[in-house]
Number of protein chains: 2
Amino acid sequence: MSIDAFLQTHRVPRLSSEERSALEGAIARTVRYDARAVIVRENVPLRQCTLLLKGFIHRYKMTTDGKRQILAFHIPGDFVDLHSYPLKHLEHSVAASTAVEVAVFPHAAVRELTAQSTRITEVLWRSTLVDAAINREWMVSIGARGAAARVAHLFCELQLRLDRIGGSDRDGFDLPMTQADLADALGLTPVHTNRMLRELREQGLAEFRDHHVTIGDFGRLREFADFDPGYLFFD
Amino acid sequence: MSIDAFLQTHRVPRLSSEERSALEGAIARTVRYDARAVIVRENVPLRQCTLLLKGFIHRYKMTTDGKRQILAFHIPGDFVDLHSYPLKHLEHSVAASTAVEVAVFPHAAVRELTAQSTRITEVLWRSTLVDAAINREWMVSIGARGAAARVAHLFCELQLRLDRIGGSDRDGFDLPMTQADLADALGLTPVHTNRMLRELREQGLAEFRDHHVTIGDFGRLREFADFDPGYLFFD
DNA sequence: CGCTGCCTTGAGGATGTTCAATGTCTGTGG
DNA sequence: CCACAGACATTGAACATCCTCAAGGCAGCG
């Protein structure tokens with residue numbers, strides 16, 4: 001049952017129950033990490049991938065002058081570093097945003113899965129490519145959208161992704177990051193992120209307080225953010 | 001022989017001559033496009049992928065208010081939209097930067113390849129993930145590097161990628177884009193890009209003139225740009 | 001010629017950053 | 001129970017970076 005969220009996130013193509021249990025069977029073990037623990041360090045050879053079961057994870061890269069760019073936020077059901085299977089190592093690091101529980105898939109088990117079923121292979125491959133599509137949309141946000149829209153766009157994305165796995169509540173969702181984390185994801189400073197959050201709040205678009213995002217009117221936020229969910233590939 | 005550049009870009013794992021010819025055999029035909037032709041339009045169902053043989057291609061996405069973010073530049077040997085195979089359609093568009101020649105791989109042929117050889121599958125999967133790694137590095141550039149370093153970083157990347165396929169010359173490489181194209185890739189305005197190019201020129205780091213980039217001292221440019229080629233996965 | 005596309009430069013302004021100070025909350029140790 | 005430290009949020013003021021608007025230059029081309 002531990003891969004339910006993964007399957008919800010990637011509905012296409014549907015897998016048979018044999019395929020589902022083959023996937024489940026590839027899990028070697030589950031592991032817990034404390035908040036802020038570094039799960040994968042860049043450039044270290046890897047022999048396993050991790051699927052996130054509980055909590056939040058982020059991926060990031062540091063520049064020489066000490067700036068951190070957060071590359072992705074991951075929620076339960078995300079195959080956080082499946083791309084380490086074809087790549088053998090990662091060029092960025094992976095860390096726990098909160099206390100997390102992950103399922104470990106040894107590369108050897110992934111290899112067996114792909115040898116046995118081209119359908120499973122396509123589902124796995126596809127999931128790495130949806131991550132890439134999200135990366136690209138973030139490029140658009142950081143490169144071409146103003147700061148306030150950038151914050152709003154991230155909130156829209158997380159709302160929909162969390163909806164899909166039952167991780168949201170009536171009027172928003174829990175977001176365990178700090179404003180400084182958001183800033184590093186959005187290519188802004190913490191100070192300016194704070195001001196943009198105030199603007200969203202004053203305009204009644206969204207509020208971020210006590211690690212919870214409250215969205216009054218999703219349609220209005222979506223329009224403000226220039227948000228089109230197509231890139232999430234929920235088909 | 002048309003996939004030589006692809007194999008040079010993705011040296012690992014090495015393929016047997018049977019695997020190479022299987023890859024070659026999956027090519028249905030080659031097609032030419034004029035400069036600026038749109039090769040793939042976003043959200044249109046696709047039944048084939050294109051491998052770039054000659055010329056330059058870029059991928060891009062438009063925002064509602066008319067800004068264009070260029071997501072990637074492709075050079076010969078790049079499997080431009082292989083990710084359309086697992087995804088079935090793209091969330092962005094693909095266009096020819098110059099007159100180009102591409103090899104067409106029907107999705108059905110890719111499916112046969114993956115059914116026959118897990119090694120080929122891994123090579124193809126890997127190539128889509130190297131593209132994603134480049135996307136992530138661009139996120140770092142746009143989000144965390146100053147404008148001048150951003151331009152320099154792009155030049156470093158293209159130099160190394162072109163070196164690998166024999167597309168560079170002694171002191172630089174041909175780059176058919178306009179300054180406005182570079183601007184849209186870097187998240188800058190054309191005016192500011194122009195000023196950053198002047199700065200690089202005045203500092204003796206790099207010169208962009210007549211669609212040619214001349215790099216005096218790669219080491220110095222690399223340091224200026226905070227460039228680390230690890231993300232290109234040339235192992 | 002007189003377009004058109006692209007590059008270049010200047011001046012002024014918007015957006016986002018930096019630096020610094022203050023407030024709040026929480027956990028910790030005396 | 002209180003004092004204190006640390007992490008995070010918030011605000012102001014000055015500043016840097018990058019953008020916008022506008023004009024002019026140059027080359028290629030019908």
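The figures that follow rest on heavy atoms only: side chains count, while hydrogens, waters and symmetry mates do not. First the proteins, then the strands, lettered A, B, ... as listed; each starts at 1.
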### Atom pair CZ/CG of A:R164 and A:L160 - distance to nearest 0.5 Å
9.5 Å
### Message
For A:F105 and A:Y85, I'd like to know if the aromatic rings sit close, meaning centre-to-centre distance below 6.0 Å.
### Response
no
### Message
How many whole angstroms separate atom CD of B:Q179 from atom P of C:dC7?
### Response
4 Å
### Message
Measuring from atom CD of A:E91 to atom CG of A:L71, what distance do you get when rounded to the nearest 0.5 angstrom?
### Response
7.0 Å
### Query
What's the NE2-C1' distance between B:H211 and C:dG5, to the nearest Å?
10 Å
### Task
Quickly work out the B:D184 CG to C:dC6 C1' distance and round it to whole Å.
14 Å
#### Entry: Separation of C:dT8 C1' from B:H192 NE2 (nearest whole Å)
15 Å
### Query
How close or far is atom C1' of C:dC6 from atom CZ of B:F208, stated in whole angstroms?
11 Å
### Query
What are the bounds, 5' to 3', of the part of DNA chain D that sits under 4.0 Å from heavy atoms of chain A?
D:dC8 to D:dA13
## Note on the structure
Here the gap from B:E137 atom CD to B:I142 atom CD1, rounded to the nearest 0.5 Å, amounts to 11.0 Å
### Message
Just the rounded figure in Å: distance from C1' of C:dT4 to CZ of B:R36.
### Response
12 Å
### Task
Would you please indicate yes or no on a ring centroid separation below 6.0 angstrom for B:F56 and B:F73?
no
## Note on the structure
Closest to the 5' end of DNA chain C, once B:V191 and A:V191 are matched to their nearest nucleotides, is B:V191
### Query
Strictly by modelled atom types, are A:D131 and A:T128 linked by a side-chain donor-acceptor pair under 3.5 Å?
no
### Message
For the helix from C:dC1-D:dG30 to C:dG30-D:dC1, what angle separates the axis at the start from the axis at the finish, each from five pairs, in steps of 10°?
### Response
20°
### Task
Identify which one of B:R68, B:R59, B:K67 satisfies the salt bridge (charged side-chain N to carboxylate O under 4.0 Å, His left out) criterion when paired with B:D184.
B:R68
### Query
For B:E199 and C:dT9, what is the distance between atoms CD and P respectively, to the nearest whole Å?
13 Å
### Query
What about A:F233 and B:H89, are their ring centers closer than 6.0 Å?
yes
### Message
Tell me whether the rings of A:Y231 and A:H153 are parallel (<30°), tilted (30 to 60°) or perpendicular (>60°).
### Response
parallel
#### Entry: side chain to side chain donor-acceptor pair (under 3.5 Å) between B:S97 and B:H58, worked out
CA-CA 6 Å; B:S97 309; B:H58 61 275; 2.8 Å; yes
### Message
Need one value for A:R198: base, sugar-phosphate or nothing, where a base atom within 4.0 Å counts as base even if backbone is also close, heavy atoms only.
### Response
sugar-phosphate
### Carboxylate-amine/guanidinium proximity below 4.0 Å for B:R161 and B:D78
yes
#### Entry: Contact list for DNA chain D against residues 142-150 of chain A - heavy-atom distance below 4.0 Å
none
### Query
In whole angstrom, what separates B:N194's CG from C:dG5's P?
19 Å
### Query
Just checking A:L197: base, sugar-phosphate only, or nothing, at a heavy-atom cut-off of under 4.0 Å?
nothing
